[in-house]
Protein chains: 2
Amino acid sequence: MTYDEDMATRTRGTLTRDRIIEVAIAFADEHGVEALSMRKLGAELGVEAMSLYNHVDNKDDIYDGMIDFVVGAIPLPDEDTVWQNAIRALGTDAMEQFSAHPWVAPLMMTRGMFGPAALRFMDRVLAVLSNAGFTDEDTHHAWQMLASHTMGYTFQQATNPGAIDDKFDGLDVLVAQLAEEFPHVARLAPLLAQCEFRHEFEFGLDIIIDGLEARLN
Amino acid sequence: MTYDEDMATRTRGTLTRDRIIEVAIAFADEHGVEALSMRKLGAELGVEAMSLYNHVDNKDDIYDGMIDFVVGAIPLPDEDTVWQNAIRALGTDAMEQFSAHPWVAPLMMTRGMFGPAALRFMDRVLAVLSNAGFTDEDTHHAWQMLASHTMGYTFQQATNPGAIDDKFDGLDVLVAQLAEEFPHVARLAPLLAQCEFRHEFEFGLDIIIDGLEARLN
DNA sequence: ACCTGAACACCGTTCAAGT
DNA sequence: ACCTGAACACCGTTCAAGT
């Protein structure tokens, strides 16, 4: 292998499953998942679309890889953190990742999360709850609640009229017109449009943690 | 108009926006949203795909109509129901609709819910909370929590390994193999795979309602 | 072992042409 | 006013052919 070949390999990068997924994530972050196609992804990697199939089963395989990469980026708390703080950190850190990659939640909703990083993440959350003294049944309940809360808030954030007001620039006008038909929506619309999601999320998370804690004693 | 023409019109049905959305929902229920295309939907209605554009803006417009139809099918509680029961009923009834049409939650996640039926539904939930004595801020908090919980549990149900074990028929085997790497997942997998979602959902809903109630006094 | 061109069976959407 | 055929610019995926 000559020096030039070596340079080309290094700058263009060798085509691997990981590199494909990496570039797919960057592309989805910039242009949205719906714009992601095998042909465009190939072009981004300096290769024809068909070459991707040498490293990846199909497009769904890429989706699964993207999901697992994002879940894998959620930091895990130290083993000795008290469970309430560990859960709070896991929740807020998960939210942060999901917010940074808004396409991941809808994708998880249809594809699930069963990759190695997702299993590792899940195992850690279950460990925190079990070690805190919850029964297996309550650990299960708690996982479902916490996962639902995190996924649900991601949904709220994704479909927040404030966040997507490019599409709904006439929303406040519309709401004002419908004020007598939907008075409560009209009154609370400003709160919904410009709320701090981090604060909102933690408000609910604390209620859940308190509710779970009451079942421990 | 002759008798025969009248019959044909009645049996084939007149093409309208509502009828298109109705048939689209039935199609998505049977074959999944990802299989829904303008061409197939046209065929289902005995018409070419291009004709649909006379009654509908585009495919997204159909999606929005499908979402609003499903939300509109959630029954609203009587005005004088005590708020805890009203909220519980709204939550479980919403869950029931979302479960009956598994494609609706991922769709809402990307499209939001801003149709007339959705606004009506939202206004009613906000009214229940306001009338219960919550401040506007807490009403807002409560809406976000309840909506998140409902959406989140729909997600859990949709991606439940038990529900999709046609795709993951080897999941229990896989989990067993990884038992030493993910011990808690392995131990709780049966609970997750075969849990009663209705019961799970209400467990969490009660914790949320209790937590909100504590802010009322 | 990896990449490619051509092909297949699809998409959503537009638009001029029909009635 | 509503429906259609043909067309445009895309899709994911397969497969024989190249190196």
Side-chain angles (χ1 to χ4, degrees), chain A residues 1-2 4-25 27-28 30-67 103 106-107 110-111 167, chain B residues 1-2 4-25 27-28 30-67 103 106-107 110-111 167:
Chain A
M1 179 187 284
T2 71
D4 282 354
E5 277 168 4
D6 190 59
M7 278 307 288
T9 304
R10 236 191 294 153
T11 46
R12 270 195 31 213
T14 319
L15 206 53
T16 62
R17 199 187 120 97
D18 281 354
R19 206 168 117 68
I20 290 171
I21 287 164
E22 215 173 290
V23 172
I25 288 173
F27 188 93
E30 194 170 2
H31 305 104
V33 237
E34 70 285 351
L36 182 66
S37 77
M38 300 301 271
R39 282 165 169 88
K40 288 187 206 154
L41 184 52
E44 208 84 5
L45 286 153
V47 108
E48 297 301 314
M50 309 79 198
S51 305
L52 302 175
Y53 288 89
N54 286 309
H55 307 92
V56 137
D57 287 350
N58 48 35
K59 208 184 180 188
D60 278 343
D61 190 25
I62 295 179
Y63 286 147
D64 288 340
M66 293 167 77
I67 292 170
W103 43 265
L107 222 55
T110 46
R111 303 276 327 147
K167 288 158 67 184
Chain B
M1 179 187 285
T2 71
D4 282 354
E5 279 167 0
D6 190 59
M7 277 306 288
T9 305
R10 237 190 294 154
T11 46
R12 270 194 30 213
T14 319
L15 206 53
T16 63
R17 199 187 119 96
D18 282 353
R19 207 169 115 68
I20 290 171
I21 287 164
E22 215 173 289
V23 172
I25 289 172
F27 188 93
E30 194 170 2
H31 306 104
V33 238
E34 70 284 352
L36 182 66
S37 77
M38 300 300 270
R39 281 164 169 89
K40 289 188 205 152
L41 185 52
E44 208 85 3
L45 287 154
V47 109
E48 298 300 316
M50 308 80 198
S51 306
L52 302 176
Y53 289 88
N54 286 309
H55 306 92
V56 138
D57 288 350
N58 47 36
K59 208 185 180 188
D60 279 343
D61 191 25
I62 295 179
Y63 286 146
D64 288 340
M66 294 167 75
I67 292 170
W103 42 266
L107 221 54
T110 45
R111 302 277 325 148
K167 287 158 69 186

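The chains referred to below are lettered A, B, ... by the order of the sequence lines, with proteins before strands, and numbering in each begins at 1.
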Student: Specify the separation, in whole Å, of atom NZ of A:K59 and atom C1' of D:dC11.
Tutor: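 So the two atoms are 8 Å apart, to the nearest Å.
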Student: Between A:A24 and A:I62, which heavy-atom pair has the shortest distance, and what is it?
Tutor: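 Minimum heavy-atom contact is CB-CG2, 4.0 Å.
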Student: Does A:H55 have a side-chain nitrogen or oxygen under 4.0 Å from the phosphate oxygens OP1 or OP2 of C:dA1?
Tutor: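 Answer no for this pair, as no side-chain N or O of A:H55 is under 4.0 Å from OP1 or OP2.
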Student: Taking C-beta and beyond as the side chain, do B:T14 and B:R19 meet within less than 4.5 Å on heavy atoms?
Tutor: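 Not touching, per the 4.5 Å side-chain cut-off.
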Student: OP1 or OP2 of D:dT4 sitting under 4.0 Å from any side-chain N/O of B:S51?
Tutor: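 For B:S51, the contact criterion (side-chain N or O under 4.0 Å from OP1 or OP2 of D:dT4) is met.
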Student: Send over the distance from A:L45 CG to C:dT4 P, rounded to a whole Å.
Tutor: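 Computing the A:L45:CG to C:dT4:P distance gives 11 Å.
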Student: Taking the minimum atom-to-atom distance to the side chain of B:E48, which one of D:dT4, C:dC3, C:dT4 wins?
Tutor: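 Looking only at heavy atoms from C-beta outward on B:E48, the closest nucleotide is D:dT4.
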Student: Within a strict 4.5 Å, meaning less than it, do heavy atoms of the A:L52 and A:L45 side chains meet?
Tutor: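 Yes, at least one pair of side-chain atoms sits under 4.5 Å.
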Student: Sort out for me which residue in B:I21, B:L15, B:I20 forms a side chain to side chain contact (heavy atoms under 4.5 Å, CB included) with B:R17.
Tutor: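 Among the candidates, only B:I21 passes.
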Student: From C-beta outward on A:K40, which listed nucleotide comes closest to its side chain: C:dT13, C:dC11, D:dC11?
Tutor: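 Among C:dT13, C:dC11, D:dC11, the one nearest the side chain of A:K40 is D:dC11.
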Student: Quick check: on DNA chain D, is the nucleotide nearest A:R39 upstream (toward 5') of the one nearest B:L52, or the reverse? Name the residue that is more 5'.
Tutor: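 That would be B:L52.
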Student: What's the CE-P distance between A:M38 and D:dT13, to the nearest Å?
Tutor: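 Value for this atom pair: 6 Å.
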Student: Sugar-phosphate atoms are those with a prime plus P, OP1 and OP2; base atoms are the rest. Using that split, label each nucleotide of nucleotides 14-19 of chain D B, S or - for protein heavy atoms under 4.0 Å, 5' to 3'.
Tutor: B-----
Student: Whole Å only: how far is the CG atom of A:N54 from the C1' atom of C:dC2?
Tutor: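 Answer to the nearest Å: 5 Å.
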Student: Does the structure show a Watson-Crick or G-U wobble partner for C:dC15, both distances under 3.5 Å? Name it, or say none.
Tutor: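 Partner of C:dC15: D:dG5.
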Student: At under 4.0 Å between heavy atoms, what does A:S37 touch on the DNA or RNA strands: base, sugar-phosphate, or nothing?
Tutor: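 A:S37: backbone/sugar contact only, no base atoms under 4.0 Å.
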Student: Considering every strand shown, what is the Watson-Crick or G-U wobble mate of C:dC10 when both distances are under 3.5 Å?
Tutor: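 Across any shown strand, C:dC10 pairs with none.
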Student: Among C:dT13, D:dT13, C:dC3, which nucleotide sits nearest the side chain of A:V47?
Tutor: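 Closest of the options to the side chain of A:V47: C:dC3.
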Student: Do A:E34 and A:W103 have side chains that get closer than 4.5 Å, going by heavy atoms?
Tutor: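 Counting from C-beta outward, A:E34 and A:W103 never come under 4.5 Å.
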Student: Do B:V33 and B:Y63 have side-chain heavy atoms sitting under 4.5 Å apart?
Tutor: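 Yes, their side chains come closer than 4.5 Å.
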Student: If I take atom CD1 in residue A:I20 and atom P in nucleotide D:dG12, what distance separates them, rounded to the nearest angstrom?
Tutor: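 From A:I20 CD1 to D:dG12 P: 14 Å.
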Student: Are side-chain heavy atoms of A:H31 and A:L36 found at a separation under 4.5 Å?
Tutor: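 They are not in side-chain contact.
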Student: Measure the distance from CG on A:L41 to C1' on D:dC11 and round it to the nearest whole Å.
Tutor: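 Distance, rounded to whole Å: 14 Å.
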Student: Check the distance between C:dT13's C1' and B:D61's CG and give it to me in whole angstrom.
Tutor: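 It works out to 14 Å between those atoms.
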